[in-house]
Amino acid sequence: MKLQIEISGRSRQVQIDPGEIPGVWNVRVDGEPVEADARLLRPGVLSLLIDRRSHRVVLDGDSSDPALYLGRERIAYRMEDPRSLRSRRRPTGAEGPAVLKASMPGRVVRVLVEKGQQVAAHQGIVVIEAMKMQNELKSPREGRVADVRAVPGATVASGEILATIE
Amino acid sequence: MKLQIEISGRSRQVQIDPGEIPGVWNVRVDGEPVEADARLLRPGVLSLLIDRRSHRVVLDGDSSDPALYLGRERIAYRMEDPRSLRSRRRPTGAEGPAVLKASMPGRVVRVLVEKGQQVAAHQGIVVIEAMKMQNELKSPREGRVADVRAVPGATVASGEILATIE
Amino acid sequence: MVATSVIRRILIANRGEIALRVLRACRELDIVPIAVYSDADRAAPHVLEADEAYRLGPAPATESYLRGDVILEAARRARADAIHPGYGFLSENAEFAEACERAGVKFIGPPAAAMRMLGSKTRARQAADRAGMPRTPGSVQGLASLDEARSVAASIGYPVMLKAAAGGGGKGMRAVFSEEDLSSAFDSARSEAERAFGSGEVYLEKLIERPRHIEIQILADEHGHCISLGERECSVQRRHQKVIEESPSAVVDDDLRRRMGEAAVRLALAAGYTNAGTVEFLVDQNRNFYFLEVNTRLQVEHPVTELVTGLDLVHLQIRIAEGQPLPFAQSDVVLRGHAIECRVYAEDPDNGFMPSPGRITRLLQPGGPGIREDCGIYEGWVVPMDYDPMLSKLVAYAPTRDLAIARLRRALDEYVIGGIRSNLGFFRRILRDPDFCAARIDTGYLDRLLREALPPPSSNASDAAAAVAAAVFEATQSAAGTPAAQPVSAWKAAARREASGATPHP
Amino acid sequence: MVATSVIRRILIANRGEIALRVLRACRELDIVPIAVYSDADRAAPHVLEADEAYRLGPAPATESYLRGDVILEAARRARADAIHPGYGFLSENAEFAEACERAGVKFIGPPAAAMRMLGSKTRARQAADRAGMPRTPGSVQGLASLDEARSVAASIGYPVMLKAAAGGGGKGMRAVFSEEDLSSAFDSARSEAERAFGSGEVYLEKLIERPRHIEIQILADEHGHCISLGERECSVQRRHQKVIEESPSAVVDDDLRRRMGEAAVRLALAAGYTNAGTVEFLVDQNRNFYFLEVNTRLQVEHPVTELVTGLDLVHLQIRIAEGQPLPFAQSDVVLRGHAIECRVYAEDPDNGFMPSPGRITRLLQPGGPGIREDCGIYEGWVVPMDYDPMLSKLVAYAPTRDLAIARLRRALDEYVIGGIRSNLGFFRRILRDPDFCAARIDTGYLDRLLREALPPPSSNASDAAAAVAAAVFEATQSAAGTPAAQPVSAWKAAARREASGATPHP
């Protein structure tokens, strides 16, 4: 199979097919052949030998934010579907409505604004708390509060949208 | 659901149904209600509170020979299907052909008899080896070698039939 | 004489790694360990490993681990002889200690009176004066007004430090470098102290420049014997919170150790202190030491002392609480080798040290020679968002400081915590920093390090290996019909379940 | 003078926990660890953790870990400066040590000449005589005939012990209690020795009744310095194989320790010995000691010595191999506390200690204060049937023997190895046995314990809890659509894959 993988801002093409010996793969990275002997020790844990160098690899993150530990090093990557490369969504720019996302998983302690309210840039919008640390999330820009999804006492995941400023 | 579980030679009837709080079960053992709060920590590992006593339970064995660790103690059990209780297979008695089973997983080192050969009780039949230990398996009784399945060099599982004496 | 009474059942009024630490000590002394838990901790490791477990209440600490009345009721039902408070929560709460005694349950810690005398920083400074201990110049009572603050500051000279009398964790603390800054610092320190501790009492002391934070472990029995167990170097701090601790300290020689130890013992005896405690000092660049405060409980960092002394402090805490005399004398205490501890937290150093609760999807733990891990997690555990972010304490012991550092680096490289972010990589960076390796540290060290540029990211060779690994995961798992990673963040799923009223574990 | 040369890359010619032990030492000394593996070990932990890994050949040791030529070829390709042999395999093979030196690769161990002199038991007995060491009465050369055996036995008196000169692991060993049994014992010992070691040479010595097996760890540098590091008590044996080891021994006082240590050092110096080694003794009921044999390598049980001395023997082995002098003197060696080690094996104590290879489906490991685990397994690993059954070494350290026992019991209770059978339960039994706890042990102790009736099985309350647990597993997993346990024994499946030519790991 052919995969397009983005690591450290660079996209690499990886061609991977099972070899004759189970665990030994025929691999090409950007066309260059690589001798790779990979054994799955248990789900998400891999022993990878490349040209006799040994790597312990542990899968981390989730499908929306995949990463792996190569030895001690955490490396984020992105599996690109070659067919959908052009349709990749751009991050929301300054032109459209700005969304305020939770910077950490936690519980909503206070909501400091109301829907429809006019806010200044850097004005506090929501306070979330986790592990004895409170974090005040500030408006990315001046504008009007289009939507407040955060509800005091509710649990939010990291990256969850708490409010929209337009 | 209703289960029939055999432990330490005694059969117990366990009625188990999910309670209102996830993880808390309505349980009856032989008709007696038991307050059981059980959380699966990961597959095969359970935190079980019964009347405030805490048990760490780890599933062991396989479906043909199930067991669990209750704390440090290994307890074998048998899940009985109430519908098939009568059809339970009896262990092969002295009347029929006697089978010789591997006492441990290992590799067949030597086969000491041939098919059709007459053997005495306690005569050596097969030698298997594992972890630097050799083990000579002996005929359970006098008779004729009806079948030899063991092949030198082959890997055998514990309990696998190596030969039949009739 | 103090009557001895054997302890057979201990209720552990805590959670996380310290609850497991105490639980293990109980098992080793043939004492039944009894756990308590909040709704967030039903599946926590300390519940799993205990003999019995009692529910306290909902997740928030104020409704569970801080509910002394509910804990005492659990102790009564469990027929516990004693309560071990661990650290944090109710461990330094004199009212709770008194309530235990009233209920006929031994509180494993100092008497309430000693706790009260040493728990307030201003009262502790007065006690230090009475014990003839060096302390920083400044006030020994709360400042009544800004004017009083001005006059004290003027008399000792700037820079000065404003501190909350009930303080801890750097809250209500302000460094003031000139008089014009005093007014606003005074107000903000007072209001922060009021919010954090319910008391706005602040005092003022001379600011020691580039100090080391060095503390002395003491043990006192109920027969009037008190000994010191060497020092711990705790200067590696972020925002006044200890991050790495070690013993011995590179700047403490035998003479300084003896003098600091004697001062600590004098203070403890004067305060009628018993059980384990810690006297904290600042040590300046000329190796003068100044009394800082007392922690009237077991410290997070007690393992480094255990490793270099060969003793078990929790065993000794329990024996002291039984009324037994200390089984050895000061001259029997010998430090051997070097120990260093890392506080492993669920936090993201690459994202402003934001907390990172959630499910631990993968856990590979270090082991082998000279490694001790006091761990409060397991693979599959959902680290709750309700308590502090400590996951584990990783401690290395070796004949020398250099080898202890090398061993800790080795262990950190073996350690993988997947699913959530941790500060393991941050420790790897500190333990390769030339200043840390040369023990050129003070309480400002870590903040200076954090202002330095990060080391370069992964190499090209690593990236290629990572690409192959990602491809193998994809190839094996798409073959098995499952996606490479879990379809939804385990944390998100857990959070949703929790939000919908269900518990994280089915 | 010996030239020192820095070692930067070490090939570890071993597998299992000892390969990981050496690998960790390499990391701590900034040395690149290089692994070798057989086809059965491609996914083994020592390969996973190494920097580089070289395939040796098929699973059988004779085609992989015993192939000195293949290992040296790997060392050449890997540009290794040195080879660490671990224990077992080629570690006591003088020809291999010589081949290493010829290839310009440092063999981390004694010189081949010292290995030859001390490796044969009869030659070692001669060397002991020259060093003025006490040994058991009997022959110092192989017995040429049954007549010679008769006359030696008659002169020293029955009971006597026949032993293989090349022996180890109890093979070729026979206790003879009267002359009429000598003839058949002589024949069977000779043929067993011939089969096991390729040499039928046997000798005869006075049988010591109820002896203790006590050994002295030595370290010798290449500058003529040799020191002893206290003793290890290894009397808990099954079929002449050590099962539990500890340090110090309950019967060795300072004077006896000094005398045994001096004797061991004398022998090592006389033999031109360098690096780590162990001199084994029998100690009789009157505390007389008799030379037994020398192990010219690192021992399985070296961790107990490391814990009580605070030293790292593998670090020191590597430094000695670099030509460095020992960094301390005999007077610096101080024993503190007590350490006990359990050899955790894949074997089934309830089924005649049959080997139990297969997949480890679940692994919960102990931790916390005073616990060291030198482990060679992980969850998911398929323990191969091709090598010895050692899974891990669990070691407890505490201030006293009683507390070390209590700590080890606690750790054993935390430890779960699922999917295969292990001897963890057997250790729990020994560590609760009154004779063991009182240190009333000798080399026959364990065989006597095994003849005693087993403690009663699980209680009624446990059975009821187990029934509930089994029901919960069934209920949760039938809901999830998967059966309670894996449908087929993981081992069976692995065995089938292997039989069909595929490797256990896809």
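Labels below follow one simple rule: chain letters A, B, ... track the order of the sequence lines, proteins then strands, and each chain is numbered from 1. No experiment lies behind these values; they were computed from the predicted model shown.
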Compare all side-chain heavy atoms of [X] with those of [Y] and state whether any distance is below 4.5 angstrom.
{"X": "D/Arg238", "Y": "D/Leu446", "value": "yes"}
{"X": "D/Lys242", "Y": "D/Val300", "value": "no"}
{"X": "B/Lys101", "Y": "B/Val99", "value": "yes"}

**Request:** Can you check whether anything in residues 115-126 of chain B gets within less than 4.5 Å of chain D, heavy-atom wise, and list it by number?
**Result:** none

**Toward chain D: residues of residues 24-31 of chain B with heavy atoms under 4.5 Å** =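 When heavy atoms of chain D are the reference, residues 24-31 of chain B contributes B/Trp25, B/Val27, B/Val29 within the under-4.5 Å range.
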
**Request:** Under 4.5 Å, counting heavy-atom pairs only, tell me which of D/Ala466, D/Ala464, D/Ala346 racks up the most with chain B.
**Result:**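 Result: the option with the highest number of such pairs is D/Ala466.
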
Between [X] and chain D, which part of the residue has a heavy atom less than 4.5 Å away: side chain, backbone, both or neither?
{"X": "B/Pro18", "value": "neither"}
{"X": "B/Arg53", "value": "neither"}
{"X": "B/Ala36", "value": "side chain"}

So which of [options] has the biggest tally of heavy-atom pairs under 4.5 Å with chain D?
{"options": "B/Leu46, B/Val34, B/Asp17", "value": "B/Leu46"}
{"options": "B/Val45, B/Asn135, B/Val14, B/Ile16", "value": "B/Ile16"}
{"options": "B/Glu129, B/Lys132, B/Arg42, B/Met133", "value": "B/Arg42"}

For the residue pair [X] and [Y], what are the closest heavy atoms and their distance?
{"X": "B/Pro140", "Y": "B/Ala98", "value": "CG-CB, 3.6 Å"}
{"X": "D/Asp463", "Y": "B/Arg12", "value": "CB-NH2, 3.6 Å"}
{"X": "D/Pro58", "Y": "D/Glu63", "value": "CG-OE1, 3.2 Å"}
{"X": "B/Pro66", "Y": "B/Arg78", "value": "CG-CA, 4.5 Å"}
{"X": "B/Arg56", "Y": "D/Asp413", "value": "NH2-O, 2.9 Å"}
{"X": "B/Asp60", "Y": "B/Tyr69", "value": "OD2-CE1, 3.6 Å"}

Pick one of side chain, backbone, both or neither for [X], based on which atoms fall under 4.5 Å of a heavy atom in chain B.
{"X": "D/Val472", "value": "both"}
{"X": "D/Ser462", "value": "both"}
{"X": "D/Ala61", "value": "neither"}
{"X": "D/Asp348", "value": "neither"}
{"X": "D/Leu424", "value": "neither"}
{"X": "D/Phe353", "value": "backbone"}
{"X": "D/Ile360", "value": "neither"}

Regarding [X] and [Y], is there a side-chain donor-to-acceptor distance under 3.5 Å anywhere?
{"X": "B/Arg10", "Y": "D/Asn460", "value": "yes"}
{"X": "D/Ser356", "Y": "D/Glu347", "value": "no"}
{"X": "D/Tyr87", "Y": "D/Glu92", "value": "no"}

**Prompt:** Short question: side chain of B/Arg107, backbone of B/Ile128 - any donor-acceptor pair under 3.5 Å?
**Reply:** no

**Prompt:** Are any of the side-chain nitrogens in D/Arg362 or D/Glu379 under 4.0 Å away from the carboxylate oxygens of its partner?
**Reply:**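 Yes, this pair counts.
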
**Message:** Looking at D/Lys393 and D/Glu17, is any side-chain nitrogen of the basic one under 4.0 Å from a carboxylate oxygen of the acidic one?
**Reply:** yes

**Prompt:** Are D/Tyr65 and D/Tyr387 close enough that their ring centers fall under 6.0 Å?
**Reply:**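 Ring centres of D/Tyr387 and D/Tyr65 closer than 6.0 Å.
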
